[in-house]
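Written below as structure tokens is the structure these notes are about.
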Amino acid sequence: MKQRRFVQKNQATFTHFVSVPLILQPTQGKLQKLMEDIHKKYNFDQSMNPNNPFLFHITISMLGLSNQEKINKAKQIFIDNEQTIKNYLKNSSIKLKGLGCFQNRLNQQNKYYKRGPYEDLNIIYLNVDETPLLPVSDFIIRQFLQAEIFDSDDLKSMNLIMDQQSKMFRAEKFHITLFRLKDCKINFQQLFDEYKDYQFGDVPIQYFDISTRWQYDKDKFYQPLARIVID
């Protein structure tokens, strides 16, 4: 299956992101317990930084809303398409199974560095079944493109994949971040052997947000610029 990727260049331009918040119980508590169990067993060199349990979410797309016009357009897209988005997600749940990881990007100086698949990690995450998210992801990204909220610089800096077979826009990898790692020298082969088939279970989709980076609401989640409550 051929895919096209827009390679991320600089996240500093991103002010918001479209997300599926996972902030209600029992989901939040179960994610926090999983994170704590892994941390106790595998944080050998103190390099594993657990995610804030109030911020668990799945990112659909990053957004660079650099002015009030783009902010207003993004909010209006959510208002105008609320029922369509609800129809995509109503009675949907997401299956979470097994761990995955992102490695640090190799720069020009260390591009020939030999490393195993579970070394030099940047993020450890919980895998998300993409099936229920693909249609709504493609729909909302196309709405933003049509409204010219994305410009050419945004596209180059976004980790988007277009599946050439289905013609759907989507995030490169739907996931739930559990840990961020810095200067980690550990090989986590044992961790991934233990949790590769871990069954977290099904999680209901209750909210669909435009979340604001670096701003937080009364529940300590990212401040919603817009929120759709899925009935």
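This is a predicted model, so every value here is computed, not measured. FYI, side chains are in, hydrogens and waters are out, and symmetry mates aren't considered; it's all heavy atoms of this structure.
Separation of the Y125 and F102 ring centroids falls under the 6.0 Å cut-off.
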Any chance you could lay out the ring pair (Phe, Tyr, Trp, His ring centres under 6.0 Å) test for Y118 and F192, step after step, and finish with the verdict? CA-CA 8 Å; Y118 304 116; F192 286 91; 4.5 Å; yes
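In this structure a side-chain-to-backbone donor-acceptor pair under 3.5 Å is missing from N122 to Q103.
Remark: D45 does not engage K185 in a salt bridge, criterion side-chain N to carboxylate O under 4.0 Å. The pair K173-E130 fails the salt-bridge criterion, with no side-chain N (NZ, NE, NH1 or NH2) lying under 4.0 Å from an Asp/Glu carboxylate O. For the pair K33 and D37, the salt-bridge criterion is met [side-chain N within less than 4.0 Å of a carboxylate O].
With a 4.5 Å cut-off on side-chain heavy atoms, L55 and Y222 count as touching. By the 4.5 Å heavy-atom criterion applied to side chains, Y207 and I23 are counted as neighbours.
Heavy-atom neighbours of Q146 CD from other residues, nucleotides or ligands within 6.0 Å: at or below the threshold of 12.
With sequence neighbours left out, the ring pair (Phe, Tyr, Trp, His ring centres under 6.0 Å) criterion links Y88 to F139.
No cation-pi contact links K97 to Y198, judged by a cut-off of 6.0 Å to the six-membered ring centre and 45° from its axis.
In the hydrophobic clustering of ILVMFWY residues, with side-chain heavy atoms under 4.5 Å counting as a link, Y42 and L121 come out together.
In summary, the side chains of Q68 and N72 do present a donor paired with an acceptor at a separation below 3.5 Å, with no hydrogens or angles considered.
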